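Predicted model, so just to flag it, every value in this text is computed and none were measured.
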Amino acid sequence: RAVRLILPPDMPQPNDSEYPQALADAIVELVRASEGRALILFTAIGALRRTADLIREPLEADQITVVAQGMDGSPRRIMRELASSPRTVALGVASLWEGVDVPGEAISLVAIARLPFPVPSDPVYAARSELYEDPFFSYAVPQAIVKFRQGFGRLIRRKDDRGVVAVLDGRITSKEYGKAFVRSLPPVEVMEVPLRDIGAATADWLKK
């Protein structure tokens, strides 16, 4: 009851040439609506750096500080900045998908930039995939769902927490397996909101 899951159906897929700019624009709208207090989760440091470069100027013009893992400090440092300064957005990879415990309004928005599928070239993934007749659906999707649930869990850390989780990967609405990601979450109200309206939908929910 404390969370709204926002899925923009017109979000490009990660392999689309329009995706990097659409991702940055969506993050800017969401973070303006939440007035900072945001954690953005990435699966690759390169995408994190590109996005940080695109969002830093427009958000800092609104007095919202952008801190990115590997660019502005360690995971511990950027989470400390987020916890101590409300008008902050933290961008992270890897360890920030799990183990982050920042209760209260310091995190009112979690945005997942990309569904966290394993990297196909990873030797461990490649070896284990050989055990399955259909490695994508039998191994990659379940592994990604586990991490997805961990990312979702960064938002609500106590009973009175409240916020928005936005998934900015078009595959969650356009691919059949996207439904499995949504079904894996605790019962939550899902809002399919076009990109132009995600800021307003986020602000409306957080002000209730």
Mind checking whether [X] and [Y] have side chains closer than 4.5 Å, heavy atoms only?
X	Y	result
Phe152	Pro186	yes
Leu7	Val190	yes
Leu131	Tyr139	no
Arg32	Asp62	yes
Arg37	Ile107	no

With sequence neighbours excluded, residues passing salt bridge (charged side-chain N to carboxylate O under 4.0 Å, His left out) with Asp72 =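 Result, salt bridge (charged side-chain N to carboxylate O under 4.0 Å, His left out) vs Asp72: Arg56.
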Give, for atom [atom1] of [X] and atom [atom2] of [Y], the distance between the pair rounded to the nearest 0.5 Å.
X	Y	atom1	atom2	result
Arg183	Ile145	CZ	CD1	8.0 Å
Leu41	Leu96	CG	CG	7.0 Å
Gln69	Arg77	CD	CZ	13.0 Å

Co-membership, hydrophobic cluster, residues [X] and [Y], 4.5 Å side-chain:
X	Y	value
Leu5	Trp205	no
Leu59	Ile78	no
Met11	Leu91	yes
Leu195	Ile40	yes
Val110	Met191	no

Distance-only criterion, 3.5 Å: show the donor-acceptor pairs between side-chain atoms of residues 44-53 and protein atoms not counting sequence neighbours.
| residue | atom | partner | partner atom | Å |
| --- | --- | --- | --- | --- |
| Thr51 | OG1 | Ala47 | O | 2.8 |

For [X] versus [Y], what's the shortest heavy-atom pair and its separation?
X	Y	answer
Ala90	Met79	CB-SD, 4.4 Å
Leu54	Pro20	CD1-O, 4.0 Å
Glu18	Asp16	N-OD1, 2.8 Å
Tyr132	Ser138	CD2-CB, 3.5 Å
Ala140	Pro118	O-CD, 3.7 Å
Leu109	Ser34	CD2-OG, 3.7 Å

Within 6.0 angstrom of Arg128 CZ, more than 12 heavy atoms from elsewhere |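 Incorrect, the count does not exceed 12.
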Is the number of heavy atoms from other residues, nucleotides or ligands under 6.0 Å of Glu192 CD greater than 12?
->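 Above 12, so yes.
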Show me the donor-acceptor pairs within less than 3.5 Å that the side chains of residues 164-177 make with the rest of the protein, sequence neighbours left out.
| residue | atom | partner | partner atom | Å |
| --- | --- | --- | --- | --- |
| Asp169 | OD1 | Arg171 | N | 3.0 |
| Asp169 | OD1 | Arg171 | NE | 3.0 |
| Asp169 | OD2 | Leu115 | N | 2.9 |
| Asp169 | OD2 | Arg171 | NE | 3.1 |
| Asp169 | OD2 | Arg171 | NH2 | 2.7 |
| Thr173 | OG1 | Gly170 | O | 3.3 |
| Ser174 | OG | Gln13 | NE2 | 3.0 |
| Ser174 | OG | Gly170 | O | 3.0 |
| Glu176 | OE2 | Lys179 | NZ | 3.4 |

Just do the side-chain contact (heavy atoms from CB on, under 4.5 Å) check on Ile55 and Val66 with the steps written out, would you?
-> CA-CA 8 Å; Ile55 70 173; Val66 177; 4.2 Å; yes
How would you list, by chain and number, every residue that makes a side chain to side chain donor-acceptor pair (under 3.5 Å) with Glu189, sequence neighbours excluded?
->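 Listed in chain order: Arg4.
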Could I get the full list of ring pair (Phe, Tyr, Trp, His ring centres under 6.0 Å) partners for Phe181, not counting sequence neighbours?
->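 Phe181 satisfies ring pair (Phe, Tyr, Trp, His ring centres under 6.0 Å) with Phe117, Phe148 only.
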Counting only N and O atoms by type, is there a donor-acceptor contact under 3.5 Å from the side chain of Arg114 to the main-chain atoms of Thr43?
->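 Here the side-chain-to-backbone pair does not exist.
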Give a yes or no on whether the backbone of Glu81 and the side-chain of Ser85 come within a donor-acceptor separation of less than 3.5 Å.
->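 Pair absent, no side-chain N/O of Ser85 close to backbone of Glu81.
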Pair up each side-chain donor or acceptor in residues 21-31 with any protein partner under 3.5 Å, not counting sequence neighbours, and list the distances.
| residue | atom | partner | partner atom | Å |
| --- | --- | --- | --- | --- |
| Gln21 | NE2 | Asp25 | OD1 | 2.9 |

Audit row: Val67, Val89, side-chain contact (heavy atoms from CB on, under 4.5 Å) steps and yes/no | CA-CA 6 Å; Val67 289; Val89 53; over 6 Å; no
